[in-house]
Undergrad: 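I'd like to ask some things about the structure below.
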Amino acid sequence: MYESRVFGSMAVFLLICVGFGATLTAETTTAKPTTPPPIHKPCNTLTSCETCLSNVSCLWCMTNNSCTKYPVSYVIPPASVCKLSQARWGVCWVNFEALIIAMAVVLGTLLLAVTVCCCCCCCKRRRSSSIDREDDQFARRREEIRQRADDRRVERKTKHDEIRKKYGLIPDSDHPYSKFENE
């Protein structure tokens with residue numbers, strides 16, 4: 001039941017995302033751009049951080065206030081280009097070092113959340129299967145106890161019937177009136 005709730009909520013979330021994406025797509029396809037896309041100048045000719053970072057292939061260095069082409073051969077720009085604490089990419093108000101740290105924290109948090117969810121689901125499944133196993137063992141034990149009690153009841157009844165026959169409290173099936181004939 002828990003798994004069906006999880007899958008149901010995931011399906012609802014997926015439908016919402018698809019619907020939201022479809023509306024965004026519909027909005028972007030119906031809206032016609034009125035201005036042509038900007039033509040980017042070479043990075044070394046740009047003189048301010050805002051104009052430099054409007055081109056995604058450029059990197060702004062605060063040390064010498066220069067705009068350089070982003071070294072795409074490296075994931076993280078080397079110190080020879082600009083120190084990470086002074087490099088800006090994407091936005092002027094966040095340095096590259098803080099951007100890397102923030103992305104690592106977000107990614108680590110997401111990975112931790114996914115791991116915890118997976119562990120919880122596995123433990124829940126394992127716990128429910130162990131509960132089922134315990135219920136089966138309990139039912140088996142209860143059935144064994146009931147069977148032993150029935151066996152003891154039948155044994156007691158046969159003993160009591162033998163004692164009754166011995167003292168003539170119940171007639172013998174072979175001679176039902178033998179006790180009464182002697183009187």
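In this text the structure is predicted, and so the values were computed from the model without any measurement.
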Undergrad: Flag yes if V116 and L107 sit in one hydrophobic cluster, no otherwise; membership is Ile, Leu, Val, Met, Phe, Trp, Tyr, and two members link when side-chain heavy atoms are under 4.5 Å apart.
TA: no
Undergrad: Can you tell me how far apart CZ (R153) and OG1 (T158) are? Round to the nearest 0.5 Å.
TA: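 So the gap between those two atoms works out to 13.0 Å.
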Undergrad: The test is side-chain contact (heavy atoms from CB on, under 4.5 Å); show your working for E134 and F138 and say whether it passes.
TA: CA-CA 6 Å; E134 288 174 3; F138 180 72; over 6 Å; no
Undergrad: Quick one: do W93 and M62 end up in the same hydrophobic cluster if we chain Ile, Leu, Val, Met, Phe, Trp and Tyr together by side-chain heavy atoms under 4.5 Å apart?
TA: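 W93 does not cluster with M62.
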Undergrad: In the single-linkage hydrophobic clustering (I, L, V, M, F, W, Y; side-chain heavy atoms under 4.5 Å), do V75 and F96 co-cluster?
TA: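 In one cluster with V75: F96, yes.
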Undergrad: Between CD1 of I145 and CG of D150, what distance do you get to the nearest 0.5 Å?
TA: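 So the CD1 of I145 and the CG of D150 are separated by 12.0 Å.
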Undergrad: When hydrophobic residues are tied together by side-chain contacts of less than 4.5 Å, even through go-betweens, does V81 share a cluster with I76?
TA: yes
Undergrad: Any side-chain to backbone donor/acceptor pair from W60 onto T47? Under 3.5 Å, distance only.
TA: no
Undergrad: Is a side-chain donor-acceptor pair under 3.5 Å present for S48 with T51?
TA: yes
Undergrad: If I compare all heavy atoms of C43 with all of K69, which pair ends up nearest, and what's the gap?
TA: CB-N, 3.8 Å
Undergrad: Identify whether the distance between the nearest side-chain nitrogen and carboxylate oxygen of R133 and D136 falls below 4.0 Å.
TA: no
Undergrad: To the closest 0.5 Å, what do you measure between NE2 (H160) and CD (E162)?
TA: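 It is 10.5 Å, given to the nearest 0.5 Å.
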Undergrad: Would you kindly say whether the two SG atoms, from C58 and from C67, are closer than 2.5 Å?
TA: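 No, because the SG atoms of C58 and C67 are not under 2.5 Å apart, which misses the disulfide cut-off.
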Undergrad: When you measure from the SG of C82 to the SG of C61, is the result less than 2.5 Å?
TA: yes
Undergrad: Let me confirm one number: the CD-CZ distance from E143 to R148, rounded to the nearest 0.5 Å.
TA: 11.0 Å
Undergrad: Kindly determine whether V94 and V91 satisfy side-chain contact (heavy atoms from CB on, under 4.5 Å), including the steps that lead there.
TA: CA-CA 6 Å; V94 177; V91 289; 3.9 Å; yes
Undergrad: Is there a path from L53 to L46 through hydrophobic residues (I, L, V, M, F, W, Y) whose side chains come within less than 4.5 Å of each other?
TA: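 Different clusters.
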Undergrad: To check you understand the geometry: which heavy-atom pair defines the closest contact between L59 and R88, and what is its length?
TA: CD1-O, 3.3 Å
Undergrad: Any salt bridge between K157 and D161, counting N to O under 4.0 Å?
TA: yes
